[in-house]
Amino acid sequence: MTAKNALMRPDYLVTYDLASRLGGASVLPKHIKSEADAVALMLTGQELGLQPMQALRSLHMIDGRVELSAHLMLTLMTTRLGVKFEWLESTATVAKLKLERPDQAAHVEEMTIADAERAGLASRGTWQKYPKQMLRARAISNAARAYCPEILTGCYVEGELTEARL
């Protein structure tokens, strides 16, 4: 069995071996502190159908829970479920996303800076620096929960868990 075939299904020994070989590599994101973190993210990635390095780049572990990047959520919706998307509006004050799945009615998700203010998010550093990107990320994650919950498997969008603790 090749390493590629072994990683197509959860093979814990191969995954742990890969994590140990990557330990300390400069290509790993700073949030990966140990081999165990890398293994957990790669196994979660396998459940989502991701390759190991894609999982390490696109998933974060916060307090034992996994966060997906908003970009990965949108990618999973389009590639796995055939969702078509269109940004109806994307500014520093509103992000409005239209999604369409085969054989389902379209869904429109909107996230505004007023929504972020009510949630206590808009005054935080990243929101202050990148409001347009943060609004888009929340529009994507809210749309994924409402319209394509099967791709999330209990995961959160990047930043949600960290923001909830502040």
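Remember, it's a predicted structure, so these values are computed and weren't measured experimentally. All heavy atoms count here, side chains included; hydrogens, waters and symmetry mates do not.
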A.B. asks: Start with the C-alpha gap between L81 and I151, add the side-chain angles, then the distance that decides, and say whether side chain to side chain contact (heavy atoms under 4.5 Å, CB included) holds.
C.D. replies: CA-CA 9 Å; L81 303 175; I151 63 122; 3.6 Å; yes
A.B. asks: Answer yes or no: is there a donor N or O on one side and an acceptor on the other, between the side chain of S141 and the main chain of R138, under 3.5 Å?
C.D. replies: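 A pair under 3.5 Å: yes.
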A.B. asks: How far apart are the closest heavy atoms of G120 and S123, and which atoms are they?
C.D. replies: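 Looking at all heavy atoms of both residues, the shortest contact is O-OG, 4.3 Å.
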A.B. asks: So that I can tick it off, tell me whether E150 and R101 are bridged by a salt bridge, with the cut-off set at under 4.0 angstrom between side-chain N and carboxylate O.
C.D. replies: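 E150 and R101: salt-bridged.
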A.B. asks: Are L74 and V83 packed together at the side-chain level, in the sense that at least one heavy-atom pair is separated by less than 4.5 angstrom?
C.D. replies: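 No, too far: nothing below the 4.5 Å cut-off.
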A.B. asks: If I take atom CG from residue L76 and atom CG from residue L68, how far apart are they, to the nearest 0.5 angstrom?
C.D. replies: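 With rounding to 0.5 Å, CG (L76) is 6.5 Å from CG (L68).
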A.B. asks: Give the minimum heavy-atom separation between M77 and C148, together with the two atoms involved.
C.D. replies: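 Looks like SD-SG, 3.6 Å.
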A.B. asks: With distance as the sole test, does R80 use its side chain to make a donor-acceptor pair with the main-chain N or O of L48 at under 3.5 Å?
C.D. replies: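 Yes, R80 side chain to L48 backbone: donor-acceptor pair under 3.5 Å.
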A.B. asks: Could E86 and K84 be called an ion pair, given the rule that one side-chain N must be under 4.0 Å from one carboxylate O?
C.D. replies: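 A salt bridge is absent here (no side-chain N lies under 4.0 Å from a carboxylate O).
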A.B. asks: Do W87 and V108 sit in one hydrophobic cluster, given that two such residues count as connected whenever their side-chain heavy atoms are within less than 4.5 Å of each other, even indirectly?
C.D. replies: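 Result: no, two separate clusters.
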A.B. asks: Quick one: does M134's side chain get under 4.5 Å of T126's, heavy atoms only?
C.D. replies: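 Yes, side chains in contact.
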A.B. asks: With side chains defined as the heavy atoms from C-beta onward, is the minimum distance between Y147 and Q104 less than 4.5 Å?
C.D. replies: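 Heavy-atom side-chain distance check passes, below 4.5 Å.
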A.B. asks: Mind checking the CD-NE2 spacing from E100 to H107? Nearest 0.5 Å is all I need.
C.D. replies: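 Going from CD on E100 over to NE2 on H107, the span is 12.0 Å.
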A.B. asks: Please evaluate residues K98 and K96 with respect to the criterion side chain to side chain contact (heavy atoms under 4.5 Å, CB included), reporting the C-alpha separation (whole Å), side-chain torsions for both, the decisive distance (0.1 Å), and the verdict.
C.D. replies: CA-CA 7 Å; K98 179 181 178 183; K96 192 176 214 178; over 6 Å; no
A.B. asks: Are any side-chain N or O atoms of T78 and backbone N or O atoms of T75, one a donor and one an acceptor, separated by less than 3.5 Å?
C.D. replies: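 Between the backbone of T75 and the side chain of T78 there is a qualifying donor-acceptor contact (under 3.5 Å).
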A.B. asks: For residues K132 and S90, determine if any side-chain heavy atom of one lies less than 4.5 Å from a side-chain heavy atom of the other.
C.D. replies: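 They are in contact (side-chain heavy atoms under 4.5 Å apart), so the answer is yes.
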A.B. asks: Could you check if a side-chain atom of Q54 sits within less than 4.5 angstrom of a side-chain atom of L72, using non-hydrogen atoms only?
C.D. replies: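 Yes, side chains in contact.
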A.B. asks: Should E110 and V94 count as side-chain neighbours, where that means a heavy-atom distance under 4.5 Å?
C.D. replies: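 Yes, side chains in contact.
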A.B. asks: Is a side-chain N or O of Q128 found less than 3.5 angstrom from the main chain of A122, in a donor-acceptor match?
C.D. replies: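 Present.
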A.B. asks: For a side chain to side chain contact (heavy atoms under 4.5 Å, CB included) check, start with the C-alpha distance between I140 and E109, then their side-chain angles and the critical distance, and finish with the verdict.
C.D. replies: CA-CA 8 Å; I140 291 167; E109 192 69 44; over 6 Å; no
A.B. asks: State, yes or no, whether a side-chain contact exists between H60 and V66 at a heavy-atom distance under 4.5 Å.
C.D. replies: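 The answer is no; the side chains never approach within 4.5 Å.
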A.B. asks: How far apart are the closest heavy atoms of A139 and M111, and which atoms are they?
C.D. replies: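 Taking every non-hydrogen atom into account, N-CB, 4.0 Å.
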A.B. asks: Once rounded to the nearest 0.5 Å, what's the spacing between atom CE of M42 and atom CD of E47?
C.D. replies: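 With rounding to 0.5 Å, CE (M42) is 13.0 Å from CD (E47).
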A.B. asks: Report yes if the side chains of W127 and L135 come closer than 4.5 Å at any heavy-atom pair, otherwise no.
C.D. replies: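 Counting from C-beta outward, W127 and L135 do come under 4.5 Å.
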A.B. asks: To the nearest 0.5 Å, how far apart are CD in Q51 and OG in S58?
C.D. replies: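 Those atoms lie 12.0 Å apart.
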A.B. asks: Going from CG on L43 to CG on L59, what distance comes out if it is rounded to the nearest 0.5 angstrom?
C.D. replies: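 L43 atom CG to L59 atom CG measures 11.0 Å (nearest 0.5 Å).
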A.B. asks: Check A55 against G45 and note the closest heavy-atom contact, atom names and distance.
C.D. replies: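 So the minimum-distance heavy-atom pair works out to CB-CA, 3.8 Å.
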A.B. asks: Identify whether L88 and L97 are in the same connected component of the hydrophobic contact network (ILVMFWY, side-chain heavy atoms under 4.5 Å).
C.D. replies: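 Different clusters: L88 never reaches L97 through Ile, Leu, Val, Met, Phe, Trp or Tyr contacts under 4.5 Å.
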